[in-house]
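Written below as C-alpha cells is the structure these notes are about.
A, B, ... follow the sequence lines: proteins, then strands. Residue 1 opens every chain. Reckoned from all heavy atoms, side chains included, excluding hydrogens, waters and symmetry mates. A quick note: this is a predicted structure, and the numbers were derived from the prediction, not measured.
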Amino acid sequence: MAGSFFQRLKDGLTKSRETWVQKVGSIFENQQWTEQTLEVMEESLLTADVGVKATQKLMDVMRKHTPSASEELTEDMPTRLRQAMVGMLQASNTEPKVPPLSVRPWVILFLGVNGVGKTTTIGKLAAHYKADGKKVLLVAGDTFRAAAVEQLEVWGQRVGVDTIKHRAGADPSAVVYDGMQAAKSRKIDVLLIDTAGRLHTKGHLIEELKKIRRVIAREHDGAPQETLLVLDATTGQNGLQQAKVFKETTNITGIVLTKLDGTAKGGVIISIQEDLGVPVRYIGIGEDVEDLQPFEPVRFVQALFEK
Amino acid sequence: MFESLTEKLELTFKRLRGQGKISEKNIDDALRDVRLALLEADVHVKVVKTFLESVKAKSLGQEVLQSLTPEQHFLKIVRDELTGLLGGEYRELDLKAAPPVVIMLVGLQGSGKTTTLAKLARYLKKHQKRTPYLVPADVYRPAAIDQVKILGQELELPVYDSNPQTSPVVICKQALQEAKKRFCDLLLIDTAGRLHIDAELMQELATIKGAVNPHHILFIADAMTGQDAVNQAMGFDQQLGLTGVVLTKLDGDARGGAALSIREMVGKPILFAGMGEKLDALDPFYPDRLASRILGMGDVLSLIDKVQQNFEQKESERLQKVIQKQQFTLEEFQLQLQQIKKMGSMGSLLELIPGGKKLASQVDADKAENELRRVEAIINSMTLQERRSPAILNGSRRRRIAQGSGTTVTDVNRLIKQFMEMKKMMQRVSKGGMKSLFNRMPNPFH
C-alpha cells in the first residue's frame, strides 16, 4: 500500500518534478556555493509560488548552511533545501491526522473560492469512506451555481451514496439542516457538505457560511468536526489571503490542495503553514478517485525532489 | 499591501527629497520595493526581471514633474510601463468573419469557462447585436451540459442539445450545422477543462479546431493563478494558437499579476475581465486599471493623474510667478481652492500629499471639507476689489461678508489672518512651486 501510494504520488507529481526540482538539481551539479547559485535557487522557489516571505526564510536557512570556503560543491543543496521545506511543513503537522470518526455523524464541511474542485473532492472522499465500509451521505449545499446540485448527485450515483438536495436557488442553510436531520435519523457515519464557491472578499457570502456553520453546530454538538478549505494548486499568493480570511471567519481545520497533477507546484501551502499553521489534509493529484491522497510533508517534499 | 508599497516608496524616497532627478543611486531601493509588490501580485519571476530593467532605463535621469513628489513620479513611470506591457489601450473583440463566427473557450478546470461563455454570449448579443448559439462540449464533468442549458434558459438563448455519449468533435460539427439552420451568427463553444500537459485531451481540442475553424480561441485564465499561468497559457497557445485571453474572478482581491505574465510571455491580448458571479459581470479589459491593481494603488495613481490634469505645468509656473511678484491675492487663493475641489474629496487629497496618510487619519476629512466650503463662501461673498486687495476690508465690509456667506465676523477675521500668514510664508518658499506649496501649506481650515 505504501509503495503504491508513493508511486502514485510520484507519478502525479512527475511534471512538477521535471519542470522545477530536477532543473534545480541539475543547475547545482558541479557548481560551487556562490551568491549566484543561491539566487537561482531563490528564483526557483518563487517560481513554485512559495511566496516572497517563505522563500526569504528558506534562503536564510540555506545561507546559514553555506560553507565558509567556496570549495564545497553544491550537490547537497537540494537536500538541504528539502530538509528546510519539510521543517516548515511539519511545524504544525507533526503527524498525519487521520479523521478518527469518533462521533456519528462525523460532519465535514467543504468550502473555498469558485472552481477549486470542492464537488470533485467530495465525490472522491465519499468513495474512500464508502470503500472503508462507512455509511456516507452528501449534502448539496451549492444551490447557487447552475447545475451544481446535479454535479454532486452524479458523483453520489457513481459512488453509490445518497444526496440531500433542494431545488436550485434554495437557502443553503435549509438544505444543510435537512442533511443534518437525515444523517441523524439514518445513522450516517460521515456527512459531507458541499457549499457554493465564494470569494473570501464577499462579506455577505461569508455570512452565509457562518450561518451554515451555526445550523450544523446547533443540530449536533461539536460539529462540524472538520472544516476543509479546498485550494487550487495553481493559485498564487492569493491562496494565503483566502486561507487567512476563511480561517478567521469560518475556522477552517484543514486544507485540501487540488490539481497538483499539472505543472503548478502549490508552493503557497508552505506560506500558509508558515503564517497560519493550518495543516494540509489531502492532496489531489489526478482525476481518479484514488488520486485524492492524505498529505504527508516528508513524502510530499521527497516526491518533489525524487530524480 | 496597498498601503505598504506606497509607504515603502515614501520611505525610500525620503532621502531624495529636494533632489530634482531620479538617479541610479536612489532608484535601486525603489526598484526592490516594486519587485516585491510584483512578486506578491503573482507576476512571473522572469517578467519581473525584465520589467524592472526597463523601468530603470526609463526613469534614470528623468526630471521630476513639478507637481509630483519623486515617489509619485516614479510610480507613474512604473504604472505607465506596466500599462504599456498589458496592451496599452482597450481592444474590442474582432468578429469580422463569415457567420457563424465560431469562438472556442479553453482553459484549465475551474477557471470559469462555462460562466464566461454565458457572460460573453450576453455581452456580444447586447453590445454587438449578435445572435449567439451556445454549444456545451464538456462531456466529462458531471452536469456540465446541464449548466450551459440552465444558463442559456436564463439568457433566453438557444443551446445545442449535446449528448454526453457523443464525442465533443461530433457535437461541435453538428452544432455548427444547426447554427447555420437557425441563422445564428455566433457559435460559442464551451470545452471541458483540461491540463495543458494532457496530450490526449489537448489533441481533442486541436481536432475540434480543425473541424469548426474557430475565429477565436480564447484562453480563460483565473486571476488568482500563480507563477504557473505562463506554463498553462504557453501550453495552450503552442498546441492551439490562442487569439486572446479572458481574465476571470477579478472581483476578488487577487492582484492578477498572471495577466501580465501571460501578456508578456505569450503575447496574446487580454480582452475581457470577469468581475462577479452574475451574468452581466463581464467588463472589457482596461490595461491601465489592471496595472494600478497589480501595484495595489489604484486610487493614489488616479489622483496623481488628476493632479497632473488640474495643475498643469504652466499653471504651476504661473502661480509661482504670481507668488514671487507678491501678487498672491484672495482671488488667486479662490482659484486654487477650485482646483483642489476638482481633484476630489479632502480625505483622498490629503493622502496624496507626501506623508499625508498620517495627516488624513488625524484630520476629520468631512469637517475639513465643510471648512473648505465655508472658506469658499466667504471669498465668494467678497467683491472683486476686496479679493484683490484684502487691505481694504474694514469692519462694515467684514460684517457684510459674514452675512452674505452665512458665517460670523470671527470666521471672516480668521480667514483673512490666515491668508496673510500664508502669503508671507509663500513668498519665503516660492522657489519650490506647487510641490512645496502642498508640502508646507499649513492647514488654513483650523
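- The distance from the CG atom of A:Asp232 to the OG1 atom of B:Thr225 is 7.5 Å, given to the nearest 0.5 Å.
- Contact annotation for B:Asp198: neither backbone nor side-chain heavy atoms come within less than 4.5 Å of a heavy atom of chain A.
- If you measure heavy-atom distances from A:Gln151 to chain B, the contacts under 4.5 Å come from both the backbone and the side chain.
- Here NZ of A:Lys53 is found 15.0 Å from CG of B:Leu39. Values are rounded to the nearest 0.5 Å.
- Your options are B:Gln109, B:His44, B:Met224, B:Lys49, and the one with the most heavy-atom pairs under 4.5 Å with chain A is B:Met224.
- The stretch residues 110-119 of chain A places A:Val113, A:Asn114, A:Gly115 near chain B, each with some heavy atom under 4.5 Å from a heavy atom of that chain.
- Heavy-atom distances place no part of B:Lys149 under 4.5 Å from chain A, backbone and side chain included.
- Applying the side-chain contact (heavy atoms from CB on, under 4.5 Å) criterion to B:Thr115, with sequence neighbours excluded, gives B:Lys119, B:Gln147.
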When you look at A:Val52 and B:Arg35, which way does the side-chain contact (heavy atoms from CB on, under 4.5 Å) test go after all the steps?
-> CA-CA 10 Å; A:Val52 177; B:Arg35 174 178 185 262; over 6 Å; no
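- Atoms NZ and CG, on B:Lys46 and A:Leu46 in that order, are 12.5 Å from each other to the nearest 0.5 Å.
- Note that CG of B:Leu201 is 7.5 Å distant from CD of A:Glu287, once rounded to the nearest 0.5 Å.
- Taking CG from B:Leu108 and OG1 from A:Thr234, the interatomic distance works out to 6.5 Å, rounded to the nearest 0.5 Å.
- Residues of residues 141-149 of chain A that come within less than 4.5 angstrom of chain B, heavy atom to heavy atom, are A:Phe144, A:Arg145, A:Ala146, A:Ala147 in numerical order.
- A:His200 has its side chain within reach of B:Asp253: a pair of non-hydrogen atoms, C-beta onward, lies under 4.5 Å apart.
- Atom CZ in B:Arg255 sits 9.5 Å away from atom CG in A:Asn238 (nearest 0.5 Å).
- Proximity to chain A at a heavy-atom threshold of 4.5 Å picks out B:Gly276, B:Glu277 from residues 270-281 of chain B, in numerical order.
- Of the listed residues A:Leu199, A:Val154, A:Asp49, the one with more heavy-atom pairs under 4.5 angstrom with chain B than any other is A:Asp49.
- Summarising the local packing, NZ of A:Lys165 is surrounded by 12 or fewer heavy atoms from other residues, nucleotides or ligands at distances under 6.0 Å.
- Of the listed residues (B:Gly193, B:Ala229, B:Ala41, B:Gly252), the greatest number of heavy-atom pairs within a distance under 4.5 Å of chain A belongs to B:Gly252.
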